[in-house]
Amino acid sequence: MTMIAVHYPEGRITLEQRRLLAESLTDAVLIPEVGQFCPPARDGFQVRFAEYSAEHMAIGGKLLADAPGRDIITVNVLVMAIGLKKFEKRSLRIFLTV
């Protein structure tokens, strides 16, 4: 199971944008992992969205509440695979700052 978590300030992403991101992020990770576009493989991917208040997110040591005009969206991708002798976990963290 591959898990994708998107963290962002309250009200930053609309319901329609979450719909588009869920599909786009799933496919963006699915293709390199599976090796090709394969719609049935989408069931092995989860995308979770979490909104945080400006008092609960910071950039450069300053809360967003104290830094007008700053914006951040964090996308974490956790890819898990089971090997023959060991459990392998790879994690990729992408920070998008606007």
Side-chain angles (χ1 to χ4, degrees):
M1 179 67 63
T2 296
M3 293 176 280
I4 303 165
V6 182
H7 305 274
Y8 54 94
E10 284 179 316
R12 174 66 171 84
I13 300 177
T14 66
L15 177 60
E16 185 58 32
Q17 288 171 324
R18 286 192 299 273
R19 285 184 178 117
L20 292 170
L21 274 171
E23 187 174 344
S24 298
L25 290 170
T26 296
D27 291 345
V29 176
L30 177 150
I31 293 169
E33 192 172 330
V34 174
Q36 63 182 352
F37 179 67
C38 180
R42 285 179 170 161
D43 288 342
F45 294 79
Q46 289 183 12
V47 180
R48 297 181 183 186
F49 296 95
E51 285 189 324
Y52 294 94
S53 70
E55 293 85 19
H56 291 96
M57 296 186 85
I59 300 174
K62 292 191 183 261
L63 292 174
L64 290 181
D66 299 330
R70 296 299 305 261
D71 192 13
I72 186 171
I73 298 174
T74 305
V75 179
N76 297 305
V77 180
L78 179 63
V79 180
M80 292 183 279
I82 298 176
L84 294 175
K85 295 186 179 184
K86 66 177 183 173
F87 180 76
E88 178 181 287
K89 184 167 66 172
R90 296 172 294 170
S91 181
L92 170 65
R93 190 169 283 167
I94 305 166
F95 296 98
L96 306 172
T97 305
V98 179

Side chains of [X] and [Y]: closer than 4.5 Å at any heavy-atom pair?
X: Val77; Y: Thr2; value: yes
X: Phe45; Y: Leu30; value: yes
X: Val6; Y: Thr74; value: no
X: Tyr8; Y: Glu51; value: yes
X: Ile73; Y: Arg12; value: yes
X: Leu21; Y: Phe49; value: yes
X: Ile4; Y: Asn76; value: no

For the student: nearest non-hydrogen atoms of [X] and [Y], plus distance:
X: Ile13; Y: Arg18; value: O-NH1, 2.8 Å
X: Leu63; Y: Ala54; value: CB-O, 4.0 Å
X: Ala22; Y: Val47; value: O-CG2, 3.8 Å
X: Cys38; Y: Val34; value: CB-CG1, 4.3 Å

Handout entry: Pair Arg48, Gln46: side-chain N/O donor-acceptor within cut-off below 3.5 Å
Key = yes
Problem - Glu16 and Thr14 side chains, donor-acceptor separation under 3.5 Å - result: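 Thr14 vs Glu16: no donor-acceptor pair found between side chains.
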Nearest 0.5 Å, please: how far is [atom2] in [Y] from [atom1] in [X]?
X: Arg42; Y: Phe37; atom1: CZ; atom2: CZ; result: 4.0 Å
X: Met57; Y: Leu64; atom1: CE; atom2: CG; result: 6.0 Å
X: Tyr52; Y: Glu10; atom1: OH; atom2: CD; result: 11.5 Å

Exercise for the section: Give a yes or no on whether Val29 and Leu20 share a hydrophobic cluster (residues Ile, Leu, Val, Met, Phe, Trp, Tyr; joining criterion: side-chain heavy atoms under 4.5 Å apart). Expected result: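 Unlinked, Val29 and Leu20 end up in two clusters.
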